[in-house]
Amino acid sequence: MIPRWLWAVLLVCLAGCDNSPHPQGSERTNTLFMSFQERSPRYLDPTASYANNETPVVYQVHEPLYGYHYLKRPYTLVPKAAAEVVQPHYLDAKGQPLPDDAPGEQVAESVYDIPIRRGVMYAPHPAFARDEQGHYLYHALTAKDTEGKRSPFDFPHTGTRELVADDFVYAFKRHATPRIEAPVFGIFAEYVVGLKAYGERIRAEDKALRANLDPTDRDKPFLDFRRWPLDGVQALDPHTLRIRIKGKYPQWKYWLAMTFAAPIPWEAEKFYAQPGMARNGMALSRWPVGTGPYMLREYEQDRRHVLVRNPLYHLDPYPCEGDDVDRAAGLLADCGKPMPFIDRVEFNVEKERVPLKSKFAQGYIDVPEIERVDWGVEFLADMNDADATRDRFDERGFRFPQTVDLTTWYMGFNMLDPVVGKGDTPEREAKNRKLRQALSIAMDWEEGYGRIFLYKAGDAAHGPLPAGIFGSRHGTVEGHNPVTHHVVDGKVQRRPVEEARRLLAEAGYPDGRDARTGRPLVLNYDFQRAPTPELKAELDWTVKQFEKVGVQLEIRATDFNQYQEKTLKGKHQIFFGGWVADYPDAENFLFLLYGPNSKSKHEGENVANYESAGFDKRFRQMQLLDDGPEKQRLIDEMVTIARADAPWIFGYHPFAAGAYAPWVHNGKPGVMGRDVIRYHRIDPALRAQRQAEWNRPVTWPLWGGAAAGLVLVVLGWQAYRRREGAVALAGKG
């Protein structure tokens, strides 16, 4: 007979046969499980946040004035904290009104009068808590009061108040702060009336406030921006915000869709400026305060973050407009229903890709990383590599919707370099241009990132503009690059390598050798990462592309900091670069080739240091234009100039593909919309069912071990009884 205690141990072991990384039963809750890699986000403060891994939190907690329609492509602005997307009115140099169609050169000032949505409340936070007399409960704390407080929710009371226009005024003023990194202050100061001078005043006021303090003291007195007015941003009334910018800048509206234009309540900054807060990690950079659909409830550094539904979130219906593809994918089924659909969002660290992918396939991660649109591309590549993987994902119902991303990757030439650059004489300029054109033909991006490196797959680029923004002709026959491609039987094809060799000879390098000296042409590829085994295949492929025309390519790999230093000094020769759209406008890509943005001369983003009088002139004209025929003409002309000069080997526009478990609904990938969690809906019952089906415990080893153990126990028990019996008999004898 098996002892009862052994049965009990056996049943406990079997009950524990669950490999889920989450608490038991959590799979049945309305929680979205996601991951993050490497480290926790550094800045959750909307003034400072500009990193991709910060957006999953920042854009769910904060609401900028505008956002992007979740389903429409090309991307369309929609109001968020604002009640509507407004058109500016224009003033001339004398302050007199101008018609809406006035030439951009006549506009001295653009004025945006933006109505703020009424009835919007901040998420509950102790910064707003008041007593019965209306006094703030937590605005006069001492170091002793904050001792042991690691989260705002360690305080027993919270409060709220309505969003008002002054909160946006405060937020714009705050870009002038010297206390945190404010990455777009330079851009905003260039346009917002008075902001540059305001920055100088704030630096002086801050210096005066801290004059008698220990510079190493982490506690800093409250820098109250309400005390100093800013001419360019004002509250006309509690629900009307006025922003004045210099000249005409149609792209300004897109900046208002970023969290740099999210409101900041002064109470929150006052709350976090108190003694002991910094010591305890209490700041807007870690514990944000916003009006968005979620609020940050838990923050475990480099381990775990948790968002929970904002109980005071305003009415926000799911969109009802989309195309036929959206309808077929079921993306309009929730039309008009209030968002968000999910109660809780949990991010857990996954430092390695293989375990992350395994947990996703097992159903323990619902979406790998909400801000990354390359996970789906990687899973699709896995499916192409192995039929078993394809069958597994298809059978289980995982979805990987794919589109072309608002991103471009390219190989660039430093135009200051004497060999591959512009050249110092007209003759040298012409020959160097042919060298760049020859290498542009030789680089077969269709092969590399269309058929070989499928984890980074995309469409070969014919210019700097990806599809999905006004002015792009990507994907059309008329939009092909005539330098690198030609049309054969109505289809665009890369020009044969023989044409590259001919251009190379005309450049003075027949068969890849200098016609004057006979020496082989050796070019340097300044790569911005260490050549790890993961990257070696791509680097080897790149070297072979140059070898096709007899050119030797030397890899000069450095870390990113060294690479940055090299490009600032203009010591690079050939490099690899990319750009993810900040906003869906051609300007945001074409400025990468604008002369005054030169990296080595002006510390801009034009790493190629390309300068063209014709291109720059048209770029300045285009900046003043709204979308329309004239803007399209200028874009076409700029792209034509850039193709002929070939400062870039136009590379590829990568695919964007989401990765969604079968119980996740309303998933549509896109790089512009960062506030996507509120649109997602999950079916927890289906998740629990599928997790159980896909992860049935393999119990036979346990049963086998238990049986073997049982035999040993029984045999031991019998031996013990025999020995006891023998002892008893001996005693009687």
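Excluded from the calculations below are hydrogen atoms, water molecules and symmetry mates; all remaining heavy atoms, backbone and side chain alike, are included.
- One distance of note links OH of Tyr594 with CZ of Arg620; it measures 4.5 Å at 0.5 Å rounding.
- With contacts defined as side-chain heavy-atom distances shorter than 4.5 Å, the pair Tyr254/Asp582 does not qualify.
- Here the shortest heavy-atom pairing between Leu356 and Gln37 reads CD1-CG, 4.2 Å.
- Annotation: the span from Phe400 atom CZ to Asp382 atom CG amounts to 8.5 Å, rounded to 0.5 Å.
- Annotation: cation-pi pair Lys668/Tyr70 absent, no NZ/CZ under 6.0 Å from the ring centroid and within 45° of its normal.
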Going through the distances and angles, do Gln573 and Asn414 end up as a side-chain hydrogen bond (donor to acceptor under 3.5 Å, both in side chains)? CA-CA 5 Å; Gln573 189 172 52; Asn414 178 13; over 6 Å; no
Between Gln528 and His572, is the side-chain hydrogen bond (donor to acceptor under 3.5 Å, both in side chains) condition met? List the steps. CA-CA 11 Å; Gln528 57 181 286; His572 56 305; over 6 Å; no
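- Between the side chain of Arg513 and the backbone N or O of Val551, no donor-acceptor pair lies under 3.5 Å.
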Give the intermediate values and the outcome of side-chain hydrogen bond (donor to acceptor under 3.5 Å, both in side chains) for residues Asp366 and Tyr660. CA-CA 6 Å; Asp366 303 321; Tyr660 308 102; over 6 Å; no
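- The side-chain contact (heavy atoms from CB on, under 4.5 Å) with Ile469 is formed by just one residue from the set Asn588, Asp585, Asp627, Leu406; it is Leu406.
- Of the candidates Arg495, Gln437, Arg643, Arg494, Arg494 is the only one forming a side-chain contact (heavy atoms from CB on, under 4.5 Å) with Thr484.
- A donor-acceptor contact under 3.5 angstrom links the side chains of Asn609 and Ser598, judged on distance only.
- Judged by a 6.0 Å distance limit and a 45° cone about the ring axis, Arg396 is positioned over the six-membered ring of Trp694.
- Thr408 contributes no side-chain N or O that, together with a main-chain N or O of Trp579, makes up a donor-acceptor pair within less than 3.5 Å.
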Checking Gln623 against Gln251 for the side-chain hydrogen bond (donor to acceptor under 3.5 Å, both in side chains) test, could you report, in this order, the C-alpha distance in whole Å, the side-chain angles of both residues, the deciding distance, and whether it holds? CA-CA 8 Å; Gln623 283 186 300; Gln251 293 77 21; 5.6 Å; no
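- The closest side-chain donor-acceptor pair between Gln493 and His480, if any, does not fall under 3.5 angstrom.
- Note that the CE atom of Met443 and the CH2 atom of Trp541 stand 4.0 Å from one another [nearest 0.5 Å].
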